[in-house]
Amino acid sequence: KYDPIKDFAPVTNVATTPSVFAVNPTKVPAKTMKEFMALAKASPGKYSYGSPGTGSLGHANISHFAALAQLDLLHVPYKGAGQAMNDAVAGQVDAITDNLPSALAHIKSGKLRALAVLSEKRSPALPDVPTYGDLGFPQMGGGGWFGVVAPAGTPAPVVARLNAAIHKAMKQPEFIKKMDDSGATLIPGTPAQFAKDIEQAVARYERVSRLAK
């Protein structure tokens with residue numbers, strides 16, 4: 001019931017967190033995303049992926065990728081990322097997309113195999129795993145981000161003061177460590193830059209919605 005562009009006054013973007021597409025190695029023999037794409041194209045509808053729910057960011061991102069790569073994947077929506085992750089590790093679904101911090105321990109232990117990360121640059125935590133851009137799909141964009149908005153009509157001086165205060169807080173070592181520990185990258189910016197981020201994201205997911213019908 002709200003308009004994500006008209007009803008808010010952007011203050012600042014704060015952090016971006018990559019997501020990762022990973023497969024269960026006992027169910028999917030592919031070692032790379034190109035190998036997975038070949039398997040999926042050879043057996044349309046065979047390979048399933050779990051998401052935190054219909055319309056979630058995970059669902060939208062993989063629907064986008066499947067449309068771009070012309071893959072027929074079976075979407076299995078869950079009532080949250082935790083349930084989806086448990087079933088991916090157990091092999092109830094073949095693959096999953098989730099925030100990197102949530103999936104990293106399972107990838108490190110070998111219970112999941114990472115094939116691609118959704119971020120502008122490769123993650124230092126998984127330097128050998130390509131981004132979707134590396135794979136030839138720059139339309140996928142970067143990872144999810146977290147920012148701060150105020151109600152539409154908030155006076156510009158108030159927005160500027162909030163922006164400055166948040167940027168000051170973001171420089172605190174304690175906050176920086178928490179972001180590093182979660183695999184996030186700080187992306188402070190101006191209200192105008194954040195407005196552009198929001199507009200680009202809305203436009204991208206409008207396209208995704210149409211592609212995925």
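Keep in mind it's a predicted model, so treat the numbers as computed, not measured.
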As an exercise, state the distance from CG of L186 to OG1 of T16, rounded to the nearest 0.5 Å. 10.5 Å
Does the side chain of V11 come within less than 4.5 Å of I166's, by heavy atoms? yes
First locate atom CE of M179, then atom CZ of F146, and finally report the distance between them rounded to the nearest 0.5 Å. 8.5 Å
Taking all heavy atoms of A30 and all of V23, pick out the closest pair and write down the distance. O-CG2, 4.4 Å
Nearest 0.5 Å, please: how far is CD1 in I187 from CD in Q193? 10.0 Å
What are the two closest non-hydrogen atoms of L115 and V129, and how far apart are they? C-CG1, 3.7 Å
Residues T12 and P188: closest non-hydrogen pair is OG1-CA, 4.0 Å
Which heavy atom of P18 sits nearest to which heavy atom of P101, and what is that distance? O-CD, 4.4 Å
Side-chain heavy atoms of F8 within contact of T154, under 4.5 Å: no
Path from L118 to M37 over hydrophobic side-chain contacts below 4.5 Å: yes
According to a hydrophobic-cluster definition based on side-chain heavy atoms being under 4.5 Å apart (Ile, Leu, Val, Met, Phe, Trp, Tyr only), do L112 and L39 belong together? no
Identify whether I176 and M170 are in the same connected component of the hydrophobic contact network (ILVMFWY, side-chain heavy atoms under 4.5 Å). yes
Applying side-chain hydrogen bond (donor to acceptor under 3.5 Å, both in side chains) as the test, list every pair that has at least one member in residues 36-63; sequence neighbours left out. S48-D94, S51-H75, H59-S63, H59-H75, N61-Y205
Can you tell me if N99 uses its side chain to pair, donor with acceptor, with the backbone of S102 under 3.5 Å? no
Going by atom types alone, do T131 and D134 pair a side-chain donor with an acceptor below 3.5 Å? yes
Tell me whether I5 is reachable from W145 by hopping between hydrophobic residues (I, L, V, M, F, W, Y) whose side-chain heavy atoms are closer than 4.5 Å. yes
Compare every heavy atom of V20 with every heavy atom of A114, then report the nearest pair and how far apart it is. CB-CG2, 3.7 Å
Heavy-atom side-chain proximity of L68 to M140 below 4.5 angstrom: yes
CG/D181 to NZ/K178 distance, rounded to the nearest 0.5 angstrom? 9.5 Å
Q139 versus R207: any side-chain heavy-atom pair under 4.5 Å? no
Evaluate the side-chain proximity of F175 to V14: yes if any heavy-atom separation is below 4.5 Å, no if none is. yes
May I ask you to check whether over 12 heavy atoms, not counting those of K27, lie within 6.0 Å of atom NZ? yes
Looking only at non-hydrogen atoms, find the nearest pair between V28 and R113 and report the distance. O-NH1, 3.3 Å
For the rings on F21 and Y132, is their centre-to-centre separation under 6.0 Å? no
Group every Ile, Leu, Val, Met, Phe, Trp and Tyr by side-chain heavy-atom contacts under 4.5 Å, then state whether I107 and V117 land in the same group. yes
Flag the pair F65 / L135 as yes when at least one side-chain heavy-atom distance between them is below 4.5 Å, and no otherwise. no
A88 backbone acceptor or donor facing N24 side chain under 3.5 Å: yes
Straight-line distance of D87 CG to I96 CD1, nearest 0.5 Å: 8.5 Å
How long is the span from the CG atom in N13 to the CD1 atom in I198, to the nearest 0.5 Å? 7.5 Å
Between N163 (side chain) and G189 (backbone), is there a donor-acceptor pair under 3.5 Å? yes
